[in-house]
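As structure tokens, the structure follows; a few thoughts come after it.
Nothing fancy with the numbering, it's 1 onward along the sequence.
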Amino acid sequence: MCSAAAAVLSVATTSAPRLSRRVAVIGGGSAGVVTARFLKRAGHDATIFESGSTVGGVWADNPTNDVVYKVSRPRLCLQRCLPYITKEMLGQYIEAYGREFGLLQLATFGATVTRVAPAASEGAPRWTVEWTVDDVAHSDVFDAVVVATGHYNKPYMPSLPGEENWLAGDAARRITHSLHYDDPDDFRGQSVLVVGGRSSGVDIARMLYGVAEWVYVLEKKCTSATTHAAEAVTHVPLGTRLCRNGRLAAPRGGGGGGGEEEEEVEGPPVTKVVLATGYVYSFPFLDETACGLTFEGERFVTPLYQHFMDAGGALPGGVLGMHAARPTLGFVGIPLAVPCPIPFFECQAAFLAEQWAKPDAALHGAEATARRQAWVAAMRDAVGSRDQDLHYTSTSARGPGTTSAWAYMRELLRATHATRPVDEAGDCWLERPSWEARLTTVEAVYADRGARYPKLPWEDDAYRRCEYTVDWASGTWSVDASRC
């Protein structure tokens, strides 16, 4: 195997010396492919490790982690902001993205990464990566590692009030997670409780509407049990309890599950439960102690600077600091509920690639380490006991709901441009002078789309059929609402 030693790269856009690092990118989905593009653009030597036979991740034709159910997904403002598209179309886009930027030849397909650990080395910390292809083991050492495997591998399965008693009441009752949901016909004629009001919960409730005998939707935005008998749908709040006879008991006057007086919810007995409750983070190839991180089975990864760079913690032997100055372990795609994920990943990847082009003294120095750790500490203080809110980009040091994903993206790009100035001839939207105007346009289109979102989870999703026409030069746009 070739040496992992970083090489000096001279780049005209800055007078400071730049480093070219060998980087292992774990995962060839949208986040991994985007990351490889920007690492290559910054002069790094990237290798993608993808367990499937092509790039695309969960959107590929034959994914190794098939979590996408049968519903169209958003176009994500890839090139144009048009209607929702299918899984197949998005997978084809990611593959075309990889071909366009010469990334497919950087990939090792059929590779299952089994271990990533700090390498024994002098000087700047490096990483040992171990993987298998066709049961043949391989190993190499890299200057940096990006984890881009997504967070749709290990479902979050919270216990529901009364579930044990409910399950004991009938052997045919089942609780499943949206990870295993695929087709509404599997629930035809059933009375289904959908737990969760974000994207998956809304999609599943809408698909079950008119197919299931009755649909109950439990989510935190609901303040009291409300039945829509003509539609065979009931909205119930947090704290609603499953009873042995299959019925639901909701707290009077709102959720919380704090021992409030209950009322029986109108509707037939629940026969199936679908948990659309999201996922916990799991990276089986990483050892939490060795990496100075906490993530396994949790709804957060900590400590991460800007949601993607190891910001240090307690290490074996009592050493404190930035993972013994190891900011070269990165994560792209950790944040939750992001708008337009691919442009979002591009902003993260561009920033990370520029950080890793810095000389070791600047990257690993005490000042940079202190800055990263201060950011993490401020975020922890902001969320208090709600660690699960750490990776919502609406959270800042001022608290949850005080910023936005758009502000986060702008912050990353401004920092990126400090070392790699914009250029009219740039081959990507985020490196041209018009980057902020373009992002503002996308934000406006996305806001219009959000305003058309149905008020109740099971209502018609006609907003998906709206078509937007954008003039990127002027920043103007229009929407054809005739199909909405």
Self-check item: Residue pair Trp429, Glu346: steps toward the side chain to side chain donor-acceptor pair (under 3.5 Å) verdict
Solution: CA-CA 10 Å; Trp429 68 274; Glu346 288 178 328; 2.7 Å; yes

Self-check item: Identified side-chain contact (heavy atoms from CB on, under 4.5 Å) partner of Tyr216 from the options Val233, Leu193, Val195, Val194
Solution: Leu193

Practice problem: Among Thr112, Val145, Thr149, find the one that has a side-chain contact (heavy atoms from CB on, under 4.5 Å) with Phe285. | Solution: Thr149

Hey, are [X] and [Y] close enough for a salt bridge, meaning a charged N less than 4.0 Å from a carboxylate O?
X: Arg410; Y: Glu443; value: yes
X: Asp427; Y: Arg432; value: no
X: Arg41; Y: Glu431; value: yes
X: Arg241; Y: Glu262; value: yes
X: Arg414; Y: Glu436; value: yes

Is there a donor-acceptor pair closer than 3.5 Å between any side-chain N or O of [X] and the backbone N or O of [Y]?
X: His44; Y: Ala46; result: no
X: Arg247; Y: Gly267; result: yes
X: His391; Y: Val301; result: yes
X: Ser394; Y: Thr403; result: no
X: Thr226; Y: Ser224; result: yes
X: His180; Y: Thr176; result: no
X: Thr395; Y: Leu390; result: no
X: Thr240; Y: Val236; result: no
X: Ser178; Y: Tyr181; result: no
X: Arg174; Y: Val273; result: no

Once you round to the nearest 0.5 Å, how far does [atom1] of [X] lie from [atom2] of [Y]?
X: Tyr446; Y: Leu439; atom1: OH; atom2: CG; value: 13.0 Å
X: Arg206; Y: Glu459; atom1: CZ; atom2: CD; value: 8.5 Å
X: Thr393; Y: Leu336; atom1: OG1; atom2: CG; value: 9.0 Å
X: Thr35; Y: Ile26; atom1: OG1; atom2: CD1; value: 11.5 Å
X: Leu412; Y: Gln348; atom1: CG; atom2: CD; value: 6.5 Å

Quiz prompt | Intermediate values then yes/no, side chain to side chain donor-acceptor pair (under 3.5 Å), Ser282 and Glu296 | solution = CA-CA 5 Å; Ser282 180; Glu296 187 58 42; 3.1 Å; yes

Exercise. Apply side chain to side chain contact (heavy atoms under 4.5 Å, CB included) to the pair Leu275 and Met157, showing each step before the final yes or no.
Key: CA-CA 7 Å; Leu275 297 177; Met157 301 279 289; 3.9 Å; yes

Quiz item: Checking side chain to side chain donor-acceptor pair (under 3.5 Å) for the pair Gln190/Thr271: CA distance, chi angles, key distance, verdict?
Solution: CA-CA 6 Å; Gln190 302 285 322; Thr271 56; 2.8 Å; yes

Quiz item: Between Tyr408 and His307, is the gap from one ring center to the other below 6.0 Å?
Solution: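 Between Tyr408 and His307, the centre distance is under 6.0 Å.
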
Exercise. State yes or no: are the ring centers of Tyr279 and Tyr156 separated by less than 6.0 Å?
Key: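 Centroid distance Tyr279-Tyr156: not below 6.0 Å, so no.
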
Practice problem: Report the relative orientation of the aromatic rings in Tyr305 and Phe308; use parallel for angles under 30°, tilted for 30 to 60°, perpendicular for over 60°. | Solution: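 The arrangement is perpendicular - the two ring planes meet at more than 60°.
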
Quiz item: Under 30°, 30 to 60°, or over 60°: which ring-plane class applies to Trp131 and Phe49, parallel, tilted or perpendicular?
Solution: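 Correct class here is tilted.
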
Self-check item: Closest heavy-atom pair and its distance - Tyr152, Leu179
Solution: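 In this case the closest contact between Tyr152 and Leu179 is O-CD1, 4.3 Å.
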
Practice problem: May I ask you to establish whether Arg244 and Trp166 are in a cation-pi arrangement, using a distance under 6.0 Å from NZ or CZ to the six-membered ring centre and at most 45° from the ring axis? | Solution: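 Checked: cation-pi criterion not met.
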
Under a plain distance cut-off of 3.5 Å, with no hydrogens placed, do [Y] and [X] share a side-chain donor-acceptor pair?
X: Thr302; Y: Arg380; value: yes
X: Tyr468; Y: Arg449; value: no
X: Trp214; Y: Thr234; value: yes
X: Thr328; Y: Trp127; value: yes
X: Gln306; Y: Glu411; value: yes

Quiz item: Hey, which of Phe331, Phe283, Phe300, Tyr281 is the one that makes ring-ring contact (aromatic ring centres under 6.0 Å, His included) with Phe295?
Solution: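 So the option named by the test is Phe283.
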
Report yes if some heavy atom in the side chain of [X] is under 4.5 Å from a heavy atom in the side chain of [Y]; otherwise report no.
X: Leu456; Y: His235; value: yes
X: Val274; Y: His177; value: no
X: Glu219; Y: Pro457; value: yes

Quiz item: Is Glu288 atom CD crowded by more than 12 heavy atoms from other residues, nucleotides or ligands, each under 6.0 Å away?
Solution: yes

Practice problem: Evaluate whether atom CG of Asp134 has more than 12 neighbouring non-hydrogen atoms of other residues, nucleotides or ligands under 6.0 angstrom away. | Solution: no

Exercise. Mind running side chain to side chain contact (heavy atoms under 4.5 Å, CB included) on Asn165 and Cys243 for me, showing each step along the way?
Key: CA-CA 7 Å; Asn165 202 26; Cys243 302; over 6 Å; no

Exercise. Show your reasoning for whether side chain to side chain donor-acceptor pair (under 3.5 Å) applies to Thr469 and Trp477.
Key: CA-CA 5 Å; Thr469 300; Trp477 56 273; over 6 Å; no

